[in-house]
Amino acid sequence: MSRSKGADLLPVDTMIFDFYCNERLKMRRLLLLALTVMITVAGGFALPAFAQDQQKIPVLIDELPVAFDVQPVIQNGRTLVPFRVIAEALNVKVTWDGTTQTISATDGKISIRLQIGNKTAYRNENPITLDVPPQILNGRTLIPLRFFSEAFGCQVAWDNSFNGVRITSPPKEMAVIGFYALGDSKTSSWTNLFGKPYPETAKGNTDVIGELALGWYSLDKEGNLLTRSRTGWQRPDGWEKVLKAANKYNLKTEMVVHVTDGDGTISSLLKDEASMTRAVNSIMEEAVLYQGVNLDFEGLGYRDDGEQLKAVKDGFNKFVRLLAEQVRTANLTLTLTLHAPNSAYQGYDYKALGELADRIIIMAYDYGSTPEPVTLVKQAVETAKALVPPEKLLLGISAPTETAESILTKVGIAKRYGLDGIAIWRLGLVTGEMWDALRTNVIPRR
């Protein structure tokens with residue numbers, strides 16, 4: 001007797017029929033999933049086995065995380081990462097030739113070349129065999145992380161503590177400025193730098209510093225230059241010995257003019273043109289003893305807003321413009337030491353000041369926690385960099401609120417954003433461990 005499908009079935013027949021239908025449904029779903037994967041994978045290639053079920057692999061460069069749009073993967077024990085992201089983090093210029101599927105990269109001294117699917121790479125035209133070739137995944141070109149990093153002088157290590165990769169970039173030549181007071185037996189900065197009690201000298205830590213910002217001067221409301229200020233800044237009796245020692249160890253020097261606006265000194269000065277002119281003239285009379293002038297006017301714009309804030313900015317811009325003209329005529333450099341753009345002091349027009357000065361030190365510290373929070377320091381640098389060319393910017397680092405480990409992260413920020421260098425505040429508070437850490441990561445420009 002014939003039966004219609006699904007009708008008048010016996011109990012056993014019903015079980016067999018249900019099993020058959022379920023299995024067919026499962027097969028259809030599996031086929032649809034496989035087809036979807038094959039269509040959506042970049043370039044039409046099936047997803048490589050090594051890329052399945054991959055967990056995130058964190059990569060740190062100088063203790064700073066690298067953000068990837070396509071996550072690194074591991075194949076045959078080798079970590080592969082998107083080449084453009086890692087290159088930008090190391091300040092390496094890269095190009096992609098889609099016709100030959102070739103990656104080229106250079107930092108100006110070293111050049112490398114890799115090709116998709118090819119285990120032979122080239123470093124300065126010398127062939128090197130790779131364990132794993134570059135490949136394309138999800139529309140991104142992935143390259144062997146260790147080869148690429150070590151080719152540009154980095155140290156690379158796998159860290160089991162967080163199942164990720166730590167990369168230390170090579171020492172970079174940059175401006176390294178040490179602040180500030182030197183010159184007598186009562187201050188710790190002399191011994192901290194020269195390694196001997198005042199007035200003796202030795203090489204000490206002079207190999208880590210390229211310049212000295214000497215905090216010996218201030219101004220009053222009338223624009224008179226002071227060698228002893230109410231905030232404790234003063235030119236020591238032995239100041240000539242400092243200049244002699246600096247010359248002996250090939251250290252450039254700047255005269256720092258430090259003024260705070262707690263009592264309205266700067267505000268009063270900037271409102272009177274005769275006082276500003278007097279201040280510029282008195283600074284220039286003393287500046288001939290140094291290679292540059294460092295203007296450190298602190299506290300501007302703390303309680304100001306609207307038109308008052310604009311007036312403060314305009315007044316400071318005008319003073320800097322007057323000083324810059326004289327400094328340039330004397331063939332000296334002008335450095336501005338400014339509160340960070342994300343600080344409470346908003347009286348600094350970074351864009352205008354960046355056009356007037358030779359360089360700006362960003363005081364990216366005193367945020368209220370120690371070590372200084374990386375997110376806020378990076379924010380300060382990114383904001384400043386959007387207004388001032390990075391080659392004009394230096395990152396101010398506060399030794400009292402850092403450790404030997406965290407100071408390297410701050411140096412790493414200066415490296416990653418292509419800044420001109422760093423400025424250490426202050427000599428006398430830099431620990432031996434910090435000196436050693438800096439020694440392995442910076443080459444002071446002289």
Side-chain angles (χ1 to χ4, degrees), residues 177-190 198 211-246 252-302 312 315-327 329-330 332-339 345 347-348 353 356-357 361 363 396 423 425-428:
I177 303 175
F179 276 77
Y180 50 32
L182 292 166
D184 59 48
S185 59
K186 298 177 182 178
T187 60
S188 59
S189 53
W190 179 282
Y198 176 84
E211 303 178 44
L212 293 176
L214 302 169
W216 295 345
Y217 302 94
S218 188
L219 291 166
D220 62 18
K221 296 178 181 180
E222 288 74 37
N224 299 302
L225 189 67
L226 310 175
T227 56
R228 184 180 298 272
S229 72
R230 60 176 178 78
T231 57
W233 288 61
Q234 61 183 27
R235 186 175 65 182
D237 293 336
W239 65 272
E240 298 97 339
K241 291 184 174 66
V242 177
L243 298 183
K244 184 177 180 180
K252 296 178 182 178
T253 59
E254 291 184 325
M255 64 172 292
V256 178
V257 183
H258 174 263
V259 190
T260 62
D261 201 37
D263 64 350
T265 296
I266 303 176
S267 299
S268 297
L269 173 67
L270 298 182
K271 290 177 181 177
D272 186 77
E273 191 154 347
S275 296
M276 286 196 288
T277 300
R278 186 179 300 110
V280 169
N281 291 338
S282 58
I283 289 171
M284 293 310 302
E285 287 177 8
E286 195 78 4
V288 295
L289 300 171
Y290 309 89
Q291 282 79 54
V293 176
N294 187 317
L295 203 61
D296 184 3
F297 279 19
E298 297 188 19
L300 292 180
Y302 181 54
V312 169
F316 188 52
N317 289 348
K318 183 175 182 178
F319 182 80
V320 172
R321 186 176 295 106
L322 292 172
L323 182 59
E325 292 171 356
Q326 296 298 319
V327 168
T329 300
L332 303 175
T333 60
L334 176 59
T335 302
L336 303 179
T337 300
L338 306 180
H339 288 291
Y345 304 98
Y348 306 92
L353 296 172
L356 294 170
I361 296 172
M363 294 193 293
W425 186 88
R426 69 172 175 84
L427 297 176

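Fair warning: this is a prediction, and the values are worked out from it, not measured in the lab.
- Across all non-hydrogen atoms, the minimal contact from Val259 to Ser218 is CG2-OG, 3.9 Å.
- With contacts defined as side-chain heavy-atom distances shorter than 4.5 Å, the pair Tyr198/Leu182 does not qualify.
- When every heavy atom of Leu427 is checked against every heavy atom of Ser189, the shortest pair comes out as O-CB, 3.4 Å.
- Side chains of Leu353 and Asn317 form a contact here, defined as non-hydrogen atoms less than 4.5 Å apart.
- The CG atom of Asn294 sits 12.5 Å away from the OH atom of Tyr180 when rounded to the nearest 0.5 Å.
- In terms of heavy atoms, Glu240 sits closest to Asp237 at OE1-O, 3.4 Å.
- Taken from CZ in Phe179 to CD in Glu211, the straight-line distance is 10.0 Å, to the nearest 0.5 Å.
- Contact record, Leu289 with Leu243: O-CD1, 4.2 Å, taken as the closest heavy-atom pair.
- One distance of note links CG of Asp184 with CD of Gln234; it measures 7.5 Å at 0.5 Å rounding.
- Using modelled atom types, one finds a donor on one side chain and an acceptor on the other under 3.5 Å when comparing Gln291 with Thr253.
- Partners of Glu286 according to the salt bridge (Lys or Arg N to Asp or Glu O under 4.0 Å) rule, which considers only residues two or more places apart in sequence or in another chain, are Arg235.
- Residues Leu225 and Ile283 have side chains in contact (heavy-atom distance under 4.5 Å, counting atoms from C-beta outward).
- The CD atom of Glu285 sits 11.0 Å away from atom CD of Gln326, with the distance rounded to the nearest 0.5 Å.
- Minimum heavy-atom separation, Pro236 to Gly183: CG-CA, 3.8 Å.
- The two residues Leu270 and Met276 have their closest heavy-atom pair at O-CE, 3.8 Å.
- Residues Tyr217 and Thr227 are in side-chain contact: their nearest non-hydrogen atoms beyond the backbone lie under 4.5 Å apart.
- For the atom pair CG of Leu219 and OG of Ser282, the computed distance is 6.0 Å after rounding to the nearest 0.5 Å.
- Between Ile361 and Trp425, every side-chain heavy-atom pair lies at or beyond the 4.5 Å cut-off.
- A donor-acceptor pair under 3.5 Å is absent between the side-chain atoms of Ser268 and the main chain of Thr265, judged by distance alone.
- At a threshold of 4.5 Å between non-hydrogen side-chain atoms, the residues Val242 and Trp216 count as touching.
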- request: Show your working on side-chain contact (heavy atoms from CB on, under 4.5 Å) between Val320 and Leu334 and close with a plain yes or no.
  value: CA-CA 9 Å; Val320 172; Leu334 176 59; 4.1 Å; yes
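- Between Glu254 and the options Leu212, Thr333, Leu295, Leu214, a side-chain contact (heavy atoms from CB on, under 4.5 Å) holds for only Thr333.
- Using bins of under 30°, 30° to 60° and over 60° for the plane-to-plane angle, the ring pair Tyr348/His339 lands in the tilted bin.
- The ring-ring contact (aromatic ring centres under 6.0 Å, His included) analysis of residues 272-300, with sequence neighbours excluded, yields the pairs Phe297-Phe316, Phe297-Phe319.
- The salt bridge (charged side-chain N to carboxylate O under 4.0 Å, His left out) contacts involving residues 273-282 comprise Glu273-Lys318, where partners must be two or more places apart or lie in separate chains.
- Using a 4.5 Å cut-off on side-chain heavy atoms (C-beta onward), Lys221 and Leu269 make no contact.
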